[in-house]
Amino acid sequence: MGGKGYALWLFIIEIFVHFSTSSSSSSGNKVPAIIVFGDSSVDSGNNNFIPTIARSNFEPYGRDFFNGNPTGRFSNGRIAPDFISEAFGIKQSVPAYLDPAYNISDFASGVCFASAGTGYDNATAMVADVIPLWKEVEYYKEYQKKLRAHLGDEKANEIIREALYLVSIGTNDFLENYYTLPERRCEFPIVQQYEDFLIGLAESFFKEIYGLGARKISLTGLPPMGCLPLERAVNILEYHNCVEDYNNLALEFNGKLGWLVTKLNKDLPGFQLVDANAYDIILQIVKHPSRFGFEVADTGCCGTGRFEMGFLCDPKFTCEDANVT
């Protein structure tokens, strides 16, 4: 197993153990479906079907996916929800809700509403004209109606209740919105104020999907976003090291998410919201890549590995082996 797979499985095992244990102890049911909300970290191709430049439906994306086809995942192959679905014995990949190649019979065991470039903040989705989080929820409501029509109320309600929901979102709110555009900085001059604004939005989101029947949710907080290749590339004065201010911000925001998780689990009967914080795992990969089978952890696989991403990723200039980069 390559380094990338090893590190990912460390994260997946934590989620699997928690929810497989809770399922067997509470209702005896297996997790019947994986349902996904979020951004590019978990988008399996919804952006292919909306008018936005935030797409990855071309080579070299998907070159290690089944049949080597680009699917709209921002990855050379599968992404975390796909592996988590497989770990629960459901299916090997979670399809995008807007992909016309799939229908409700496919979505009954897993569906992705995520959209690359989005955030908790509606203004973040407007940056690249992607699907805002409220719209992801509207698609989820539509999905529920289709599911009930397909399977009947009793079976559909069971899937909705017992499904594992994956939520990965938040990075774009800071890097693509707050620190890039002036509007939110004018409204929230201190970044901690904006953090609290996002926490309020996150609380409303979780309460809404709880009201719609979701009960088992894995929440991924912010990664060490100061170590993203683009942020390191522009950090010239610190010799292209990680931007520690961004990393400290991620830690601070993740702490507030942890507080929210505790609060909601206390306030909402039967709610199982798990803080699946991947910050430490990702930082260990960045700091000690060889321990995880990597040779390079400070650049990406597109072009120079520093600036090129999304539509700028040229298939002529990519790393030969993504398992080590």
Side-chain angles (χ1 to χ4, degrees), residues 33-57 71-74 79-82 84-85 93-104 106-148 156 159-161 163-174 176-177 197-222 257 260 264 271 273 276:
I34 302 296
I35 299 176
V36 186
F37 295 93
D39 57 23
S40 63
S41 59
V42 289
D43 182 1
S44 57
N46 284 305
N47 279 15
N48 293 355
F49 308 99
I50 61 173
T52 177
I53 62 171
R55 295 184 180 183
S56 58
N57 57 339
T71 62
R73 290 166 172 81
F74 283 76
I79 53 179
D82 300 321
I84 292 170
S85 176
S93 62
V94 180
Y97 182 67
L98 296 184
D99 190 338
Y102 300 94
N103 57 41
I104 191 60
D106 302 300
F107 298 145
S109 58
V111 60
C112 173
F113 302 105
S115 176
T118 201
Y120 289 110
D121 188 350
N122 289 338
T124 301
M126 295 172 63
V127 175
D129 292 323
V130 298
I131 304 168
L133 188 56
W134 69 265
K135 185 65 173 179
E136 292 187 22
V137 176
E138 289 302 306
Y139 284 137
Y140 174 55
K141 293 176 183 177
E142 182 181 84
Y143 161 77
Q144 288 195 353
K145 292 179 181 178
K146 293 179 180 178
L147 192 65
R148 292 188 174 102
I159 291 174
I160 292 166
R161 182 181 64 251
L164 171 58
Y165 295 76
L166 305 178
V167 179
S168 179
I169 194 169
T171 303
N172 296 315
D173 288 312
F174 294 99
E176 305 300 328
N177 185 356
F197 170 68
L198 295 179
I199 292 296
L201 296 176
E203 181 173 6
S204 297
F205 163 73
F206 286 117
K207 285 183 175 178
E208 183 171 10
I209 63 172
Y210 171 84
L212 293 169
R215 290 296 180 270
K216 304 172 183 178
I217 303 177
S218 171
L219 169 62
T220 303
L222 301 183
L257 283 177
L260 178 62
L264 292 177
F271 202 44
L273 178 58

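Just so it is clear, the model here is predicted, and its values are computed rather than measured.
- To the nearest 0.5 Å, atom CD1 of residue Ile209 and atom CD of residue Glu136 are 10.5 Å apart.
- Note that OG of Ser93 and OH of Tyr102 are 5.5 Å apart. Values are rounded to the nearest 0.5 Å.
- Residues Tyr140 and Gln144 have side chains that bring a donor and an acceptor to within less than 3.5 angstrom of each other.
- Side-chain N or O atoms of Tyr143 include none that pairs as donor or acceptor with a backbone N or O of Val137 at under 3.5 Å.
- Between the side chain of Ser44 and the backbone N or O of Val94, at least one donor-acceptor pair lies under 3.5 Å.
- Contact of the Thr118 side chain with the Thr124 side chain is not registered, since no non-hydrogen atoms from C-beta on lie closer than 4.5 Å.
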- Are Leu164 and Ile84 close enough, and set up right, to give a side-chain contact (heavy atoms from CB on, under 4.5 Å), and what steps lead you there? CA-CA 10 Å; Leu164 171 58; Ile84 292 170; 4.1 Å; yes
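- The CD1 atom of Ile131 lies 11.0 Å from the OH atom of Tyr97; values are rounded to the nearest 0.5 Å.
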Expected list for residues 33-41: side-chain donor-acceptor pairs under 3.5 angstrom, two or more places apart:
residue: Asp39; atom: OD1; partner: Ser41; partner atom: N; Å: 3.0
residue: Asp39; atom: OD1; partner: Ser41; partner atom: OG; Å: 2.6
residue: Ser41; atom: OG; partner: Ser168; partner atom: OG; Å: 2.6

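- Between the side chain of Ser56 and the backbone N or O of Arg73 there is at least one donor-acceptor pair closer than 3.5 Å.
- Remark: Phe205 CZ to Tyr120 OH distance equals 7.5 Å, nearest 0.5 Å.
- Contact annotation: the side chain of Ile217 never approaches that of Tyr210 to less than 4.5 Å [non-hydrogen atoms, C-beta and beyond].
- Relative to the ring axis of Phe271, Arg215 does not place its NZ or CZ within 45° and under 6.0 Å from the centre.
- Between Tyr139 and Phe113, the gap from one ring centroid to the other reaches at least 6.0 Å.
- Atoms OG1 and CG, from Thr52 and Asn46 in turn, are 12.0 Å apart once rounded to the nearest 0.5 Å.
- Salt bridge Glu138/Lys141: present, at least one basic N to carboxylate O contact under 4.0 Å.
- Asn122 contributes atom CG, which lies 9.5 Å from atom CG of Asp173 (distance to the nearest 0.5 angstrom).
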- Task: Before giving the answer on side-chain contact (heavy atoms from CB on, under 4.5 Å), spell out for Asn177 and Asn172 the whole-Å C-alpha distance, their side-chain angles and the decisive distance to 0.1 Å.
- Result: CA-CA 6 Å; Asn177 185 356; Asn172 296 315; over 6 Å; no
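- Side-chain N or O atoms of Asn47 include none that pairs as donor or acceptor with a backbone N or O of Gly72 at under 3.5 Å.
- Side-chain contact check for Ile104 versus Leu147: some heavy-atom pair is nearer than 4.5 Å.
- For the residue pair Leu212 and Ile160, the shortest heavy atom distance occurs at O-CG2, 3.7 Å.
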